[in-house]
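Please read the structure below before turning to the comments.
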Amino acid sequence: MPRPEEAYLEARVLAHLGLGADPGPVPASASGGVRRLLTHLAPDGRGAPPPPLLALDTSPTADPAVRRAAVDRRLAAMDAGELAAGFLERRRTGDPWWERGRPFPLTSGTRSRLLRCGGPVEPVDGLLRRWSGAGRDEDVTTPAFRTALREGRHGGAVALPPADTLLRILVTRLRQAGLLPPEHRVTLVRKVWTSAVAVPVRVPGRSVLVLSTTPAVPALAHLLHELAHVAEHALRAPDSTLESRWRFDPVRSEGWALLLESLATDPEWLAALGLPPSYTEAVRTTATYTELLDRQMFRAAAALDDELPPDATPAETLALARDLTARLRVDRTPQALLQDAADGLQPRAYLAGFAWRDEALQCLRDGWGPRWWADPTAWTAVTAGLRGDGDARAALDALASRTAAGVA
């Protein structure tokens with residue numbers, strides 16, 4: 001029988017997603033990080049609930065180019081000076097400021113990984129040209145061009161499998177690997193055009209998975225990423241405390257999701273799915289180049305924070321945003337970079353997650369070779385690590401220990 005705060009938490013998350021009614025005040029029995037989590041999800045002091053995260057998609061078009069243009073127009077209409085001032089205000093709220101508001105504190109090891117995750121911001125125009133095969137005179141730096149590449153819409157068209165077909169194939173594979181226990185319930189929310197999103201509702205026991213109904217080349221990689229998050233929800237030890245089950249280390253979580261997503265760049269793994277080769281090759285190319293592009297975009301967002309002095313002015317912030325965009329050699333408004341940087345934890349979690357992913361993959365390859373994913377004992381080592389609630393370092397140590405035992 002779930003404790004009152006656990007049943008309340010499930011109802012509160014569903015309400016926060018726009019999938020249920022407001023369950024009322026936070027139970028008095030909730031304390032510590034659980035109370036902070038519930039307070040974060042609860043209505044504000046004026047009694048107004050946060051906007052539903054999964055509001056119904058009423059857009060008349062699923063055309064990503066139209067949507068991208070609408071986003072660009074909204075960003076361009078924002079006052080860049082006000083965004084810069086708002087970013088600086090957020091930076092004054094803590095050290096590190098991007099940890100403020102988290103219901104559960106980060107471990108010192110994970111905080112250190114997030115602080116040192118940056119790197120040089122390098123030009124991406126050459127990357128975009130190689131990706132697209134564009135000629136010398138073709139402009140590859142515009143937001144519309146980058147969007148077309150990310151969504152696999154540049155170049156020759158390929159037949160796209162329905163989203164439900166991909167879901168059935170991937171869920172079957174992950175169940176065989178022991179990553180998705182059948183008793184873990186997954187509520188599907190279908191929207192016209194969105195990336196996949198996974199949200200824990202009961203840990204373990206239930207997740208919500210948002211799934212786009214619009215076929216797209218990157219859908220397979222996105223689904224792998226979000227199903228990895230669902231697996232992390234599903235594999236938590238049910239006898240652990242509620243706080244332990246809901247404490248997700250951002251580097252470990254993103255690193256694990258990026259590890260599973262990296263299968264979308266493995267031609268042998270893709271070939272085993274039984275999907276058309278033209279589609280899987282488009283998936284592999286898009287996933288490979290998207291990661292290279294994302295690394296630089298995330299580095300630019302982190303650099304805006306790392307390179308600004310503590311007493312920076314809005315004018316200096318805008319100047320650095322423009323300089324970072326110039327280093328990337330892309331057509332991008334400073335508003336877009338400021339918006340990315342304002343969500344300070346997300347770009348850092350991805351950057352540190354890539355490093356975690358690379359360490360974990362090396363560990364798996366050392367133990368089981370380049371086709372580690374074909375060995376059931378490799379998946380046993382992975383799932384065993386996911387059952388714990390340790391931080392990023394602890395998860396890597398556990399994987400290394402099991403790999404050494406498997407090799408021995």
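The residues of the chain are indexed from 1 along the displayed sequence.
Here Arg245 pairs with Glu6 in a salt bridge; the nearest charged N to carboxylate O distance falls below 4.0 Å. For the pair Glu291 and Arg357, the salt-bridge criterion is met [side-chain N within less than 4.0 Å of a carboxylate O]. The pair Glu307-Arg327 meets the salt-bridge criterion, with a side-chain N (NZ, NE, NH1 or NH2) lying under 4.0 Å from an Asp/Glu carboxylate O.
Side-chain contact check for Arg150 and Thr286: no donor-acceptor pair (N or O, by modelled atom type) lies under 3.5 Å. With hydrogens and angles left out, the side-chain atoms of Thr141 and Asp125 include no donor and acceptor closer than 3.5 Å. Side-chain atoms of Ser112 and Arg116 form a donor-acceptor pair, as typed in the model, at a separation below 3.5 Å. Side-chain contact of Asp366 with Gln362: a donor-acceptor pair under 3.5 Å is present, judged by distance alone. Inspection of the His225 and Glu254 side chains reveals an N or O donor paired with an N or O acceptor under 3.5 Å. When only modelled atom types and interatomic distance are considered, Ser253 and His229 share no side-chain donor-acceptor pair under 3.5 Å.
Side-chain contact between Glu138 and Phe145: present, with at least one pair of heavy atoms (C-beta onward) separated by less than 4.5 Å. Counting only heavy atoms from C-beta outward, the side chains of Pro105 and Arg36 approach each other to under 4.5 Å.
Within a 6.0 Å radius of CZ in Arg175, more than 12 heavy atoms belonging to other residues, nucleotides or ligands are found.
Here Leu263 contributes atom CG and Leu170 contributes atom CG; the two are 9.5 Å apart, rounded to the nearest 0.5 Å. A distance of 3.5 Å separates OG1 in Thr107 from CG in Asp391, rounded to the nearest 0.5 Å. Interatomic distance, OG of Ser244 versus CG of Asp389, reported as 4.5 Å (0.5 Å rounding). Taking CG of Leu88 as the reference point, atom CG of Leu308 lies at 6.5 Å (rounded to 0.5 Å). The structure places CZ of Arg190 at 9.5 Å from CG of Leu209, a figure rounded to the nearest 0.5 Å. Going from atom CG of Leu258 over to atom CG of Leu224 covers 11.5 Å, rounded to the nearest 0.5 Å.
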Arg185/Glu10 under salt bridge (charged side-chain N to carboxylate O under 4.0 Å, His left out): CA gap, chis, key distance, verdict: CA-CA 13 Å; Arg185 177 185 172 195; Glu10 180 173 3; 5.3 Å; no
Does the pair Arg146 and Leu149 meet the rule for a side-chain contact (heavy atoms from CB on, under 4.5 Å), with working shown? CA-CA 5 Å; Arg146 293 197 302 275; Leu149 285 174; 5.7 Å; no
Evaluate the criterion side-chain hydrogen bond (donor to acceptor under 3.5 Å, both in side chains) for residue pair Asp331 and Thr142; output intermediate values, then yes/no. CA-CA 5 Å; Asp331 176 10; Thr142 67; 6.0 Å; no
Report the C-alpha separation of Asp340 and Arg332 in whole Å, then their side-chain angles, then the decisive distance to 0.1 Å, and conclude whether the salt bridge (charged side-chain N to carboxylate O under 4.0 Å, His left out) test is met. CA-CA 12 Å; Asp340 287 350; Arg332 199 171 190 225; 2.4 Å; yes
Start with the C-alpha distance between Val203 and Leu9, add both sets of side-chain angles, then the distance that settles side-chain contact (heavy atoms from CB on, under 4.5 Å), and finish with yes or no. CA-CA 10 Å; Val203 181; Leu9 178 55; over 6 Å; no
Yes or no on side-chain contact (heavy atoms from CB on, under 4.5 Å) for Leu364 and Leu259, after CA distance, side-chain angles and deciding distance? CA-CA 11 Å; Leu364 290 167; Leu259 188 155; 4.0 Å; yes
Given ring pair (Phe, Tyr, Trp, His ring centres under 6.0 Å), test Phe87 with Trp97 step by step and report yes or no. CA-CA 10 Å; Phe87 175 65; Trp97 61 273; 5.7 Å; yes
Salt bridge (charged side-chain N to carboxylate O under 4.0 Å, His left out) assessment of Arg348 paired with Glu99: CA-CA 11 Å; Arg348 291 180 183 276; Glu99 189 176 351; over 6 Å; no
Begin with the C-alpha distance, continue with both residues' side-chain angles, and end with the deciding distance and a verdict on side-chain contact (heavy atoms from CB on, under 4.5 Å) for Thr317 and Leu338. CA-CA 9 Å; Thr317 304; Leu338 283 163; 3.8 Å; yes
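Judged purely by atom type and a 3.5 angstrom limit, Arg206 has no side-chain atom pairing as donor or acceptor with the backbone of Val201. No donor-acceptor pair closer than 3.5 Å links the side chain of Arg322 to the backbone N or O of Pro334. With hydrogens and angles disregarded, no donor-acceptor distance shorter than 3.5 Å links the side chain of Arg12 to the backbone of Asp22. Arg35 contributes no side-chain N or O that, together with a main-chain N or O of Pro103, makes up a donor-acceptor pair within less than 3.5 Å. Thr325 places a side-chain N or O within 3.5 Å of a backbone atom of Ala321 that can act as its donor or acceptor partner. Judged by distance alone, with hydrogens and angles left aside, the side-chain atoms of Ser132 form a donor-acceptor pair with the main-chain N or O of Leu128 at under 3.5 Å. With hydrogens and angles ignored, the 3.5 Å screen pairs a side-chain donor or acceptor of His184 with a backbone N or O of Gly205. Proximity of a side-chain donor or acceptor of Tyr350 to a complementary backbone N or O of Val251 within less than 3.5 Å is not detected. In this structure a side-chain-to-backbone donor-acceptor pair under 3.5 Å is missing from Thr187 to Val208. Looking at Arg236, its side chain does come within 3.5 Å of a backbone N or O of Arg247 through a donor-acceptor pair.
Contacts of Trp246 classified as ring-ring contact (aromatic ring centres under 6.0 Å, His included), with partners at least two apart in sequence or in another chain: none. Residues forming a ring-ring contact (aromatic ring centres under 6.0 Å, His included) with His233 (at least two apart in sequence, or on another chain): Phe248.
A pairwise comparison of heavy atoms in Arg173 and Leu273 identifies NE-CD2, 3.9 Å as the closest pair. In plain terms, the two heavy atoms of Cys363 and Ala400 that are nearest each other are SG-CA, 3.4 Å. Scanning both residues, Pro161 and Pro215, for their nearest heavy atoms gives O-CB, 3.8 Å. Closest approach of Gly390 and Arg252 over heavy atoms only: O-NH1, 3.2 Å. Of all heavy-atom pairs between Val230 and Ala198, the closest is CG2-CB, 3.7 Å. Heavy-atom minimum distance, Pro96 versus Arg111: CD-CD, 3.9 Å.
Under the side chain to side chain donor-acceptor pair (under 3.5 Å) criterion, the residue pairs touching residues 265-274 are Asp266-Trp373, Glu268-Arg371, with sequence neighbours excluded.
Ring-plane geometry between Trp372 and Trp379 is classed as tilted, the angle between the planes lying from 30 to 60 degrees on a 0 to 90 degree scale.
Taking the ring centre of Phe354 as origin, the terminal cationic atom of Arg295 falls inside the region bounded by 6.0 Å and 45° from the ring axis.
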